[in-house]
Peer 1: 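Before I ask anything, here is the structure I am working with.
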Amino acid sequence: MLNPVTDAFRADLATRLPRTAFRDLTPAYLEEPRGRYAGQGGLLLAPGSTDEVAEIVRACHAARVGVVPYGGGTGLVGGQVMPDGPAPVIVTLERMNRIRAVHPTENVLVVEAGVILADVQAAAQGADRLFPLSLASEGSARIGGCLATNAGGVNVLRYGNTRDLCLGLEAVLPDGSVLNGLTRLRKDNTGYDLRNLLIGAEGSLGLITAAALKLHPRPVGEGAALMVVNDPQAALELLALAGDHIGGGVSAFELIGRMGLEFLDEALPEVRQPFADKPGWMVLIDVGLPRGQDPAAALERLFVAAHDAGLVPDGLIAQSQAQRVDFWKIRESIPLANRHVGSISSHDISVPLSAIPDFIRQGDAALAKLGAFRINCFGHLGDGNLHYNVFPNPGETRADHDHLRGAIKRTVHDLVHAMGGSVSAEHGIGRLKVEDLERYADPTKLATMRAIKSALDPAGIMNPGVILRQPSAP
(Lines give C-alpha, C1' and ligand atoms only; values in the text may rest on other atoms or scores of the structure.)
Protein backbone atom coordinates (compact mmCIF):
# COMPACT_ATOMS: atom_id res chain seq x y z
CA MET A 1 0.00 0.00 0.00
CA LEU A 2 1.52 3.30 -1.10
CA ASN A 3 1.26 6.60 0.70
CA PRO A 4 0.82 10.09 -0.78
CA VAL A 5 3.33 12.91 -0.52
CA THR A 6 2.64 14.80 2.71
CA ASP A 7 3.88 18.08 4.21
CA ALA A 8 5.99 16.07 6.66
CA PHE A 9 7.55 14.12 3.78
CA ARG A 10 8.37 17.36 1.95
CA ALA A 11 9.91 18.82 5.07
CA ASP A 12 12.06 15.74 5.58
CA LEU A 13 13.33 15.90 1.99
CA ALA A 14 14.10 19.59 2.42
CA THR A 15 16.68 18.60 5.06
CA ARG A 16 18.28 16.05 2.69
CA LEU A 17 18.38 17.90 -0.62
CA PRO A 18 19.58 21.31 -1.81
CA ARG A 19 16.98 23.90 -2.67
CA THR A 20 17.85 23.59 -6.37
CA ALA A 21 16.38 20.08 -6.43
CA PHE A 22 12.85 21.37 -5.79
CA ARG A 23 10.73 22.55 -8.72
CA ASP A 24 7.22 23.89 -9.15
CA LEU A 25 4.95 21.18 -10.50
CA THR A 26 3.71 22.61 -13.82
CA PRO A 27 1.08 20.99 -16.09
CA ALA A 28 3.76 19.92 -18.59
CA TYR A 29 4.88 17.15 -16.20
CA LEU A 30 1.35 15.79 -15.97
CA GLU A 31 0.69 15.39 -19.69
CA GLU A 32 1.54 12.83 -22.37
CA PRO A 33 1.49 13.37 -26.15
CA ARG A 34 -1.69 11.46 -27.00
CA GLY A 35 -3.80 12.99 -24.25
CA ARG A 36 -5.04 9.61 -23.03
CA TYR A 37 -3.92 10.19 -19.44
CA ALA A 38 -3.86 13.17 -17.09
CA GLY A 39 -1.18 12.68 -14.47
CA GLN A 40 -1.01 13.76 -10.87
CA GLY A 41 1.87 14.44 -8.57
CA GLY A 42 2.54 15.59 -5.07
CA LEU A 43 6.09 16.81 -5.60
CA LEU A 44 8.43 17.49 -8.54
CA LEU A 45 12.14 16.98 -7.90
CA ALA A 46 15.07 17.68 -10.22
CA PRO A 47 18.17 16.13 -8.65
CA GLY A 48 21.57 17.28 -9.85
CA SER A 49 23.57 14.16 -9.06
CA THR A 50 23.29 10.42 -8.59
CA ASP A 51 23.71 10.90 -4.84
CA GLU A 52 20.68 13.18 -4.80
CA VAL A 53 18.65 10.64 -6.81
CA ALA A 54 19.63 7.96 -4.27
CA GLU A 55 18.60 10.22 -1.39
CA ILE A 56 15.18 10.76 -2.98
CA VAL A 57 14.59 7.07 -3.60
CA ARG A 58 15.72 6.12 -0.09
CA ALA A 59 13.23 8.60 1.36
CA CYS A 60 10.44 7.30 -0.88
CA HIS A 61 11.28 3.70 0.01
CA ALA A 62 11.13 4.47 3.73
CA ALA A 63 7.84 6.37 3.43
CA ARG A 64 6.34 4.05 0.76
CA VAL A 65 5.79 6.95 -1.64
CA GLY A 66 5.62 6.24 -5.36
CA VAL A 67 8.37 7.44 -7.73
CA VAL A 68 7.48 8.38 -11.31
CA PRO A 69 10.56 9.00 -13.51
CA TYR A 70 10.10 11.72 -16.12
CA GLY A 71 12.40 11.92 -19.13
CA GLY A 72 11.51 14.08 -22.10
CA GLY A 73 7.79 13.36 -21.79
CA THR A 74 7.64 11.91 -25.33
CA GLY A 75 6.55 8.36 -24.44
CA LEU A 76 3.38 7.17 -26.16
CA VAL A 77 2.10 4.57 -23.66
CA GLY A 78 1.56 6.68 -20.54
CA GLY A 79 4.65 5.54 -18.66
CA GLN A 80 5.61 9.10 -17.63
CA VAL A 81 2.36 10.01 -15.85
CA MET A 82 0.46 8.44 -12.94
CA PRO A 83 -3.25 9.17 -13.34
CA ASP A 84 -4.52 7.68 -10.07
CA GLY A 85 -3.43 6.38 -6.70
CA PRO A 86 -1.62 8.26 -3.90
CA ALA A 87 0.15 11.37 -5.19
CA PRO A 88 3.74 10.40 -6.10
CA VAL A 89 7.10 12.10 -6.36
CA ILE A 90 7.92 12.93 -9.99
CA VAL A 91 11.66 12.80 -10.64
CA THR A 92 13.05 14.60 -13.67
CA LEU A 93 16.72 14.17 -14.51
CA GLU A 94 16.84 17.26 -16.73
CA ARG A 95 19.60 18.77 -14.55
CA MET A 96 21.71 15.63 -14.94
CA ASN A 97 22.67 16.50 -18.51
CA ARG A 98 26.45 16.22 -18.56
CA ILE A 99 28.67 14.36 -21.00
CA ARG A 100 30.93 12.61 -18.51
CA ALA A 101 33.54 11.18 -20.87
CA VAL A 102 34.34 10.62 -24.54
CA HIS A 103 36.57 7.73 -25.62
CA PRO A 104 36.87 7.96 -29.42
CA THR A 105 39.40 5.13 -29.77
CA GLU A 106 37.04 2.86 -27.82
CA ASN A 107 33.92 4.12 -29.60
CA VAL A 108 32.36 4.91 -26.20
CA LEU A 109 30.50 7.92 -24.85
CA VAL A 110 29.55 8.18 -21.16
CA VAL A 111 26.54 10.42 -20.50
CA GLU A 112 24.08 11.24 -17.77
CA ALA A 113 20.49 10.16 -18.19
CA GLY A 114 19.11 13.68 -18.66
CA VAL A 115 21.07 14.40 -21.84
CA ILE A 116 18.74 15.03 -24.78
CA LEU A 117 19.18 12.47 -27.54
CA ALA A 118 20.11 15.13 -30.13
CA ASP A 119 22.89 16.31 -27.80
CA VAL A 120 24.18 12.73 -27.49
CA GLN A 121 24.29 12.59 -31.28
CA ALA A 122 26.11 15.94 -31.40
CA ALA A 123 28.68 14.82 -28.81
CA ALA A 124 29.38 11.73 -30.88
CA GLN A 125 29.71 13.83 -34.03
CA GLY A 126 32.16 16.08 -32.22
CA ALA A 127 34.38 13.03 -31.77
CA ASP A 128 33.91 12.10 -35.45
CA ARG A 129 31.72 9.20 -34.43
CA LEU A 130 28.06 8.23 -34.85
CA PHE A 131 25.47 7.49 -32.20
CA PRO A 132 22.87 5.99 -34.52
CA LEU A 133 19.71 6.06 -32.42
CA SER A 134 17.34 8.34 -34.35
CA LEU A 135 13.75 9.20 -33.40
CA ALA A 136 11.22 11.79 -34.47
CA SER A 137 11.36 13.15 -30.89
CA GLU A 138 15.17 13.25 -30.64
CA GLY A 139 15.12 17.00 -29.96
CA SER A 140 13.33 16.48 -26.64
CA ALA A 141 13.63 12.78 -25.71
CA ARG A 142 16.29 12.13 -23.06
CA ILE A 143 18.68 9.21 -23.24
CA GLY A 144 17.54 7.83 -19.87
CA GLY A 145 14.00 7.52 -21.17
CA CYS A 146 15.24 5.99 -24.42
CA LEU A 147 17.07 3.34 -22.42
CA ALA A 148 14.18 2.80 -20.02
CA THR A 149 11.84 2.08 -22.94
CA ASN A 150 14.45 0.39 -25.19
CA ALA A 151 13.51 2.85 -27.92
CA GLY A 152 13.76 1.75 -31.54
CA GLY A 153 13.64 4.33 -34.32
CA VAL A 154 14.61 4.26 -37.97
CA ASN A 155 18.10 2.70 -37.79
CA VAL A 156 17.31 -0.54 -35.95
CA LEU A 157 17.84 -2.56 -39.14
CA ARG A 158 21.55 -1.72 -39.09
CA TYR A 159 22.42 -0.77 -35.53
CA GLY A 160 19.79 -2.37 -33.30
CA ASN A 161 17.55 -0.98 -30.56
CA THR A 162 18.81 1.25 -27.74
CA ARG A 163 19.63 -1.93 -25.81
CA ASP A 164 22.21 -2.78 -28.47
CA LEU A 165 23.85 0.63 -28.12
CA CYS A 166 24.55 0.44 -24.38
CA LEU A 167 27.59 -1.12 -22.70
CA GLY A 168 26.96 -0.20 -19.09
CA LEU A 169 24.59 1.58 -16.72
CA GLU A 170 24.60 3.48 -13.49
CA ALA A 171 21.22 3.29 -11.75
CA VAL A 172 19.51 3.82 -8.42
CA LEU A 173 17.61 0.73 -7.30
CA PRO A 174 14.29 0.79 -5.40
CA ASP A 175 15.94 0.74 -1.97
CA GLY A 176 18.12 3.71 -2.84
CA SER A 177 21.33 1.74 -3.41
CA VAL A 178 23.43 2.67 -6.44
CA LEU A 179 24.30 0.12 -9.10
CA ASN A 180 27.76 1.13 -10.34
CA GLY A 181 27.75 -0.61 -13.70
CA LEU A 182 29.25 1.97 -16.06
CA THR A 183 31.52 -0.58 -17.69
CA ARG A 184 32.99 0.15 -21.11
CA LEU A 185 33.66 -3.52 -21.76
CA ARG A 186 32.23 -5.40 -24.68
CA LYS A 187 32.85 -8.76 -23.03
CA ASP A 188 31.89 -9.23 -19.37
CA ASN A 189 30.50 -12.62 -18.37
CA THR A 190 30.36 -12.02 -14.63
CA GLY A 191 26.88 -13.20 -13.76
CA TYR A 192 23.41 -11.83 -14.43
CA ASP A 193 23.13 -9.02 -16.97
CA LEU A 194 21.54 -6.33 -14.81
CA ARG A 195 22.03 -3.74 -17.54
CA ASN A 196 19.61 -5.52 -19.82
CA LEU A 197 17.20 -6.08 -16.93
CA LEU A 198 16.91 -2.33 -16.37
CA ILE A 199 16.81 -1.42 -20.08
CA GLY A 200 13.19 -1.69 -21.18
CA ALA A 201 11.88 -1.84 -17.59
CA GLU A 202 10.41 1.68 -17.94
CA GLY A 203 11.60 2.78 -14.53
CA SER A 204 9.75 -0.04 -12.74
CA LEU A 205 12.94 -1.65 -11.38
CA GLY A 206 15.15 1.37 -10.84
CA LEU A 207 16.06 4.80 -12.10
CA ILE A 208 18.83 4.99 -14.72
CA THR A 209 21.19 7.88 -13.96
CA ALA A 210 24.02 7.41 -16.51
CA ALA A 211 25.07 5.16 -19.37
CA ALA A 212 28.14 4.09 -21.34
CA LEU A 213 27.00 4.20 -24.96
CA LYS A 214 28.41 2.43 -27.98
CA LEU A 215 29.49 4.63 -30.89
CA HIS A 216 30.13 3.74 -34.52
CA PRO A 217 32.28 5.11 -37.34
CA ARG A 218 30.52 7.80 -39.31
CA PRO A 219 29.58 6.64 -42.81
CA VAL A 220 31.47 8.74 -45.36
CA GLY A 221 28.91 8.40 -48.14
CA GLU A 222 25.21 8.68 -47.34
CA GLY A 223 22.34 8.41 -49.76
CA ALA A 224 18.63 7.77 -50.00
CA ALA A 225 16.06 6.64 -52.53
CA LEU A 226 12.29 6.49 -52.78
CA MET A 227 11.23 3.41 -54.70
CA VAL A 228 7.64 2.67 -55.69
CA VAL A 229 6.67 -0.96 -55.07
CA ASN A 230 3.66 -2.90 -56.30
CA ASP A 231 2.64 -4.12 -52.85
CA PRO A 232 4.11 -5.02 -49.43
CA GLN A 233 5.27 -8.40 -50.76
CA ALA A 234 7.33 -6.60 -53.39
CA ALA A 235 8.73 -4.36 -50.65
CA LEU A 236 9.90 -7.43 -48.75
CA GLU A 237 11.56 -8.83 -51.83
CA LEU A 238 13.21 -5.45 -52.42
CA LEU A 239 14.55 -5.56 -48.85
CA ALA A 240 16.20 -8.90 -49.54
CA LEU A 241 17.59 -7.61 -52.83
CA ALA A 242 18.98 -4.54 -51.06
CA GLY A 243 20.80 -6.82 -48.63
CA ASP A 244 22.30 -8.75 -51.54
CA HIS A 245 23.49 -5.58 -53.30
CA ILE A 246 24.43 -3.26 -50.43
CA GLY A 247 24.78 -5.63 -47.47
CA GLY A 248 25.24 -3.97 -44.09
CA GLY A 249 25.25 -0.54 -45.72
CA VAL A 250 21.44 -0.34 -45.57
CA SER A 251 20.68 1.84 -42.54
CA ALA A 252 16.92 2.19 -42.87
CA PHE A 253 14.14 0.66 -44.94
CA GLU A 254 10.81 2.41 -44.37
CA LEU A 255 7.41 1.42 -45.79
CA ILE A 256 5.05 4.28 -46.73
CA GLY A 257 1.48 3.80 -47.95
CA ARG A 258 -0.77 6.07 -50.00
CA MET A 259 -2.90 6.95 -46.98
CA GLY A 260 0.10 8.52 -45.26
CA LEU A 261 0.72 10.69 -48.32
CA GLU A 262 -2.94 11.70 -48.44
CA PHE A 263 -2.77 12.68 -44.77
CA LEU A 264 0.19 14.92 -45.61
CA ASP A 265 -1.95 16.66 -48.24
CA GLU A 266 -4.73 17.03 -45.69
CA ALA A 267 -2.72 18.21 -42.69
CA LEU A 268 0.71 19.37 -43.90
CA PRO A 269 0.39 20.48 -47.54
CA GLU A 270 3.69 22.35 -47.31
CA VAL A 271 5.58 19.03 -47.28
CA ARG A 272 6.77 18.45 -50.84
CA GLN A 273 5.82 15.10 -52.32
CA PRO A 274 7.89 13.49 -55.07
CA PHE A 275 5.27 11.75 -57.22
CA ALA A 276 2.41 13.52 -58.99
CA ASP A 277 0.35 10.33 -58.81
CA LYS A 278 0.55 8.98 -55.28
CA PRO A 279 1.71 5.36 -55.33
CA GLY A 280 -0.13 2.71 -53.35
CA TRP A 281 3.13 1.78 -51.64
CA MET A 282 6.70 3.00 -51.67
CA VAL A 283 9.82 2.49 -49.57
CA LEU A 284 12.42 4.94 -48.34
CA ILE A 285 15.86 3.32 -48.40
CA ASP A 286 18.74 5.02 -46.61
CA VAL A 287 22.35 3.86 -46.95
CA GLY A 288 25.66 4.76 -45.35
CA LEU A 289 28.82 3.52 -47.03
CA PRO A 290 32.54 3.68 -46.24
CA ARG A 291 35.10 5.78 -48.08
CA GLY A 292 35.46 4.94 -51.75
CA GLN A 293 31.90 3.75 -52.31
CA ASP A 294 29.28 5.89 -54.04
CA PRO A 295 25.83 5.58 -52.41
CA ALA A 296 23.96 7.02 -55.41
CA ALA A 297 25.62 4.49 -57.71
CA ALA A 298 24.82 1.64 -55.31
CA LEU A 299 21.19 2.70 -55.15
CA GLU A 300 21.02 3.01 -58.92
CA ARG A 301 22.30 -0.55 -59.33
CA LEU A 302 19.69 -1.70 -56.82
CA PHE A 303 16.94 0.13 -58.71
CA VAL A 304 17.93 -1.45 -62.02
CA ALA A 305 17.96 -4.93 -60.49
CA ALA A 306 14.62 -4.35 -58.75
CA HIS A 307 13.06 -2.92 -61.92
CA ASP A 308 14.28 -5.88 -63.96
CA ALA A 309 12.77 -8.21 -61.34
CA GLY A 310 9.39 -6.50 -61.66
CA LEU A 311 9.46 -5.19 -58.08
CA VAL A 312 9.92 -1.44 -58.64
CA PRO A 313 8.14 0.40 -61.48
CA ASP A 314 9.40 3.87 -60.53
CA GLY A 315 11.74 5.62 -58.15
CA LEU A 316 13.91 8.58 -57.28
CA ILE A 317 17.50 8.61 -56.03
CA ALA A 318 18.65 11.61 -54.00
CA GLN A 319 21.22 13.59 -55.95
CA SER A 320 22.26 15.73 -52.99
CA GLN A 321 22.17 15.84 -49.22
CA ALA A 322 19.37 18.40 -49.43
CA GLN A 323 17.27 16.01 -51.50
CA ARG A 324 17.98 13.21 -49.03
CA VAL A 325 16.70 15.48 -46.27
CA ASP A 326 13.57 16.18 -48.34
CA PHE A 327 12.92 12.44 -48.69
CA TRP A 328 13.22 11.97 -44.94
CA LYS A 329 10.97 14.98 -44.34
CA ILE A 330 8.14 13.01 -45.94
CA ARG A 331 8.62 10.03 -43.63
CA GLU A 332 9.16 12.10 -40.48
CA SER A 333 6.07 14.25 -41.17
CA ILE A 334 3.66 11.33 -41.34
CA PRO A 335 3.32 10.98 -37.52
CA LEU A 336 2.68 14.74 -37.29
CA ALA A 337 -0.04 14.47 -39.92
CA ASN A 338 -1.52 11.54 -38.05
CA ARG A 339 -1.90 13.69 -34.94
CA HIS A 340 -3.67 16.39 -36.95
CA VAL A 341 -6.15 13.86 -38.31
CA GLY A 342 -6.60 12.11 -34.94
CA SER A 343 -6.49 8.32 -34.78
CA ILE A 344 -9.23 6.17 -33.30
CA SER A 345 -6.68 3.53 -32.31
CA SER A 346 -2.92 3.38 -32.94
CA HIS A 347 -0.88 0.19 -32.92
CA ASP A 348 2.88 -0.23 -32.58
CA ILE A 349 3.25 -3.85 -33.66
CA SER A 350 5.79 -6.25 -35.07
CA VAL A 351 5.38 -9.56 -36.87
CA PRO A 352 7.88 -11.87 -38.57
CA LEU A 353 8.99 -10.26 -41.81
CA SER A 354 7.45 -12.91 -44.05
CA ALA A 355 4.07 -12.42 -42.33
CA ILE A 356 3.84 -8.68 -43.04
CA PRO A 357 1.90 -8.88 -46.34
CA ASP A 358 -0.64 -11.32 -44.85
CA PHE A 359 -0.99 -9.19 -41.73
CA ILE A 360 -1.81 -6.09 -43.75
CA ARG A 361 -4.34 -7.95 -45.92
CA GLN A 362 -6.03 -9.73 -43.03
CA GLY A 363 -5.97 -6.66 -40.78
CA ASP A 364 -7.65 -4.48 -43.39
CA ALA A 365 -10.31 -7.15 -44.03
CA ALA A 366 -11.01 -7.72 -40.32
CA LEU A 367 -11.42 -4.01 -39.59
CA ALA A 368 -13.77 -3.59 -42.55
CA LYS A 369 -16.20 -5.85 -40.69
CA LEU A 370 -16.25 -3.37 -37.79
CA GLY A 371 -16.91 -0.27 -39.87
CA ALA A 372 -15.59 2.13 -42.49
CA PHE A 373 -12.18 3.50 -41.53
CA ARG A 374 -9.00 4.90 -43.04
CA ILE A 375 -5.90 2.86 -42.24
CA ASN A 376 -2.44 4.39 -42.33
CA CYS A 377 0.11 1.58 -42.32
CA PHE A 378 3.74 2.69 -42.35
CA GLY A 379 6.98 2.11 -40.51
CA HIS A 380 10.20 0.20 -40.12
CA LEU A 381 9.71 -2.65 -42.57
CA GLY A 382 13.37 -3.59 -42.29
CA ASP A 383 12.92 -4.84 -38.73
CA GLY A 384 9.27 -5.93 -38.96
CA ASN A 385 7.87 -2.99 -36.97
CA LEU A 386 4.74 -1.36 -38.41
CA HIS A 387 2.62 1.50 -37.16
CA TYR A 388 -0.84 0.30 -38.11
CA ASN A 389 -3.16 3.15 -37.23
CA VAL A 390 -6.91 3.47 -37.71
CA PHE A 391 -8.57 6.82 -38.47
CA PRO A 392 -12.08 8.19 -39.07
CA ASN A 393 -13.23 9.09 -42.53
CA PRO A 394 -13.38 12.77 -43.61
CA GLY A 395 -16.13 14.65 -41.83
CA GLU A 396 -15.89 12.38 -38.75
CA THR A 397 -13.77 12.57 -35.61
CA ARG A 398 -12.18 9.90 -33.49
CA ALA A 399 -14.78 10.65 -30.81
CA ASP A 400 -17.44 9.36 -33.20
CA HIS A 401 -15.80 5.93 -33.03
CA ASP A 402 -14.59 5.81 -29.42
CA HIS A 403 -17.11 3.06 -28.69
CA LEU A 404 -15.27 0.87 -31.20
CA ARG A 405 -11.74 1.64 -29.99
CA GLY A 406 -11.49 -1.45 -27.79
CA ALA A 407 -12.81 -3.75 -30.51
CA ILE A 408 -10.42 -2.28 -33.07
CA LYS A 409 -7.42 -2.73 -30.81
CA ARG A 410 -8.45 -6.27 -29.88
CA THR A 411 -8.93 -7.20 -33.54
CA VAL A 412 -5.48 -5.92 -34.51
CA HIS A 413 -3.67 -7.33 -31.49
CA ASP A 414 -5.34 -10.74 -31.72
CA LEU A 415 -4.15 -11.00 -35.32
CA VAL A 416 -0.63 -9.91 -34.36
CA HIS A 417 -0.52 -12.50 -31.58
CA ALA A 418 -1.83 -15.25 -33.86
CA MET A 419 1.02 -14.48 -36.28
CA GLY A 420 3.68 -14.76 -33.57
CA GLY A 421 4.17 -11.00 -33.28
CA SER A 422 4.36 -8.40 -30.53
CA VAL A 423 1.73 -5.81 -29.59
CA SER A 424 4.50 -3.46 -28.45
CA ALA A 425 7.40 -3.29 -30.87
CA GLU A 426 9.21 -0.14 -29.75
CA HIS A 427 7.05 2.05 -27.51
CA GLY A 428 6.91 -0.16 -24.42
CA ILE A 429 4.00 -1.24 -22.21
CA GLY A 430 3.60 1.78 -19.94
CA ARG A 431 0.11 1.99 -18.51
CA LEU A 432 -1.65 1.80 -21.87
CA LYS A 433 -0.80 -1.84 -22.59
CA VAL A 434 -0.82 -3.48 -19.17
CA GLU A 435 -4.00 -5.38 -20.04
CA ASP A 436 -2.52 -6.38 -23.40
CA LEU A 437 0.55 -7.81 -21.68
CA GLU A 438 -1.67 -9.82 -19.35
CA ARG A 439 -3.66 -11.13 -22.30
CA TYR A 440 -0.85 -12.02 -24.70
CA ALA A 441 2.30 -12.69 -22.67
CA ASP A 442 3.51 -16.20 -22.02
CA PRO A 443 2.24 -17.03 -18.48
CA THR A 444 5.67 -18.17 -17.32
CA LYS A 445 7.24 -14.95 -18.60
CA LEU A 446 4.60 -12.88 -16.80
CA ALA A 447 5.08 -14.81 -13.54
CA THR A 448 8.85 -14.35 -13.79
CA MET A 449 8.46 -10.62 -14.36
CA ARG A 450 6.25 -10.35 -11.29
CA ALA A 451 8.77 -12.29 -9.23
CA ILE A 452 11.58 -9.96 -10.32
CA LYS A 453 9.48 -6.88 -9.51
CA SER A 454 8.60 -8.29 -6.10
CA ALA A 455 12.22 -9.15 -5.32
CA LEU A 456 13.71 -5.80 -6.32
CA ASP A 457 10.82 -3.51 -5.40
CA PRO A 458 8.74 -5.22 -2.70
CA ALA A 459 7.17 -1.91 -1.69
CA GLY A 460 6.09 -1.25 -5.29
CA ILE A 461 7.29 2.36 -5.30
CA MET A 462 9.01 2.45 -8.71
CA ASN A 463 6.69 3.81 -11.41
CA PRO A 464 3.60 2.18 -9.88
CA GLY A 465 1.25 0.58 -12.39
CA VAL A 466 3.72 0.58 -15.30
CA ILE A 467 4.17 -2.77 -17.12
CA LEU A 468 2.67 -4.73 -14.22
CA ARG A 469 -0.65 -3.92 -12.60
CA GLN A 470 -0.32 -2.45 -9.13
CA PRO A 471 -1.48 -5.04 -6.54
CA SER A 472 -4.78 -4.28 -4.87
CA ALA A 473 -4.76 -3.27 -1.24
CA PRO A 474 -5.54 -6.18 1.12
Peer 1: Can you classify the ring geometry of Tyr388 versus Phe359 as parallel (below 30°), tilted (30 to 60°) or perpendicular (above 60°)?
Peer 2: perpendicular
Peer 1: With a 3.5 Å cut-off and no angle check, do the side chains of Asp119 and Asn97 form a donor-acceptor pair?
Peer 2: no
Peer 1: I'd like to check the side chain to side chain contact (heavy atoms under 4.5 Å, CB included) partners of Ala201; sequence neighbours left out, ordered by chain and number.
Peer 2: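 If we apply the side chain to side chain contact (heavy atoms under 4.5 Å, CB included) test to Ala201, skipping adjacent residues, the hits are Ser204, Leu205.
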Peer 1: For residues 242-264, which residue pairs pass the ring-ring contact (aromatic ring centres under 6.0 Å, His included) check, not counting sequence neighbours?
Peer 2: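 Passing the test, one end in residues 242-264: Phe263-Phe391.
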Peer 1: Looking only at the side chains, is there a donor atom on one of Glu237 and Gln233 sitting less than 3.5 Å from an acceptor on the other?
Peer 2: yes
Peer 1: Could you name each residue pair satisfying side chain to side chain donor-acceptor pair (under 3.5 Å) that touches residues 455-465, not counting sequence neighbours?
Peer 2: Arg431-Asn463, Lys453-Asp457
Peer 1: For salt bridge (Lys or Arg N to Asp or Glu O under 4.0 Å), just list the numbers for Glu266 and Arg374, CA-CA rounded to whole Å, side-chain angles, deciding distance to a tenth of an Å, and then say yes or no.
Peer 2: CA-CA 13 Å; Glu266 182 177 331; Arg374 292 185 290 177; 3.0 Å; yes
Peer 1: Mind telling me whether His401 and Phe373 have parallel, tilted or perpendicular rings, with 30° and 60° as the class edges?
Peer 2: perpendicular
Peer 1: Verify the neighbour count for atom CD of Glu435: are there more than 12 heavy atoms of other residues, nucleotides or ligands below 6.0 Å?
Peer 2: no
Peer 1: Are more than 12 heavy atoms, taken from residues, nucleotides or ligands other than Asp442, located less than 6.0 Å from that residue's CG atom?
Peer 2: yes
Peer 1: Evaluate whether atom CD of Glu300 has more than 12 neighbouring non-hydrogen atoms of other residues, nucleotides or ligands under 6.0 angstrom away.
Peer 2: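 Result for CD/Glu300: open.
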Peer 1: Which residues satisfy the ring-ring contact (aromatic ring centres under 6.0 Å, His included) test with Phe327, sequence neighbours excluded?
Peer 2: none
Peer 1: Does a side-chain heavy-atom distance below 4.5 Å link Leu437 with Met449?
Peer 2: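 Yes - at least one pair of side-chain heavy atoms lies under 4.5 Å apart.
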Peer 1: Side-chain donor-acceptor contacts of residues 281-288 below 3.5 Å, not counting sequence neighbours, with atom names and distances?
Peer 2:
from: Asp286; atom 1: OD1; to: Arg324; atom 2: NE; distance (Å): 2.9
from: Asp286; atom 1: OD1; to: Arg324; atom 2: NH2; distance (Å): 3.3
from: Asp286; atom 1: OD1; to: Trp328; atom 2: NE1; distance (Å): 2.7
from: Asp286; atom 1: OD2; to: Arg324; atom 2: NH2; distance (Å): 3.0

Peer 1: Under the rule for side chain to side chain donor-acceptor pair (under 3.5 Å), what residues qualify as partners of Asp326, not counting sequence neighbours?
Peer 2: Arg272
Peer 1: Classify the side-chain pair Ser345/Arg405 by whether it contains a donor and acceptor separated by less than 3.5 Å.
Peer 2: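 Result is no, nothing qualifies.
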Peer 1: Consider only side-chain N and O atoms of Asp24 and Tyr29, and report whether a donor and an acceptor are under 3.5 Å apart.
Peer 2: no
Peer 1: With the threshold set at 4.0 Å, does a side-chain nitrogen-carboxylate oxygen contact exist between Asp414 and Arg439?
Peer 2: yes
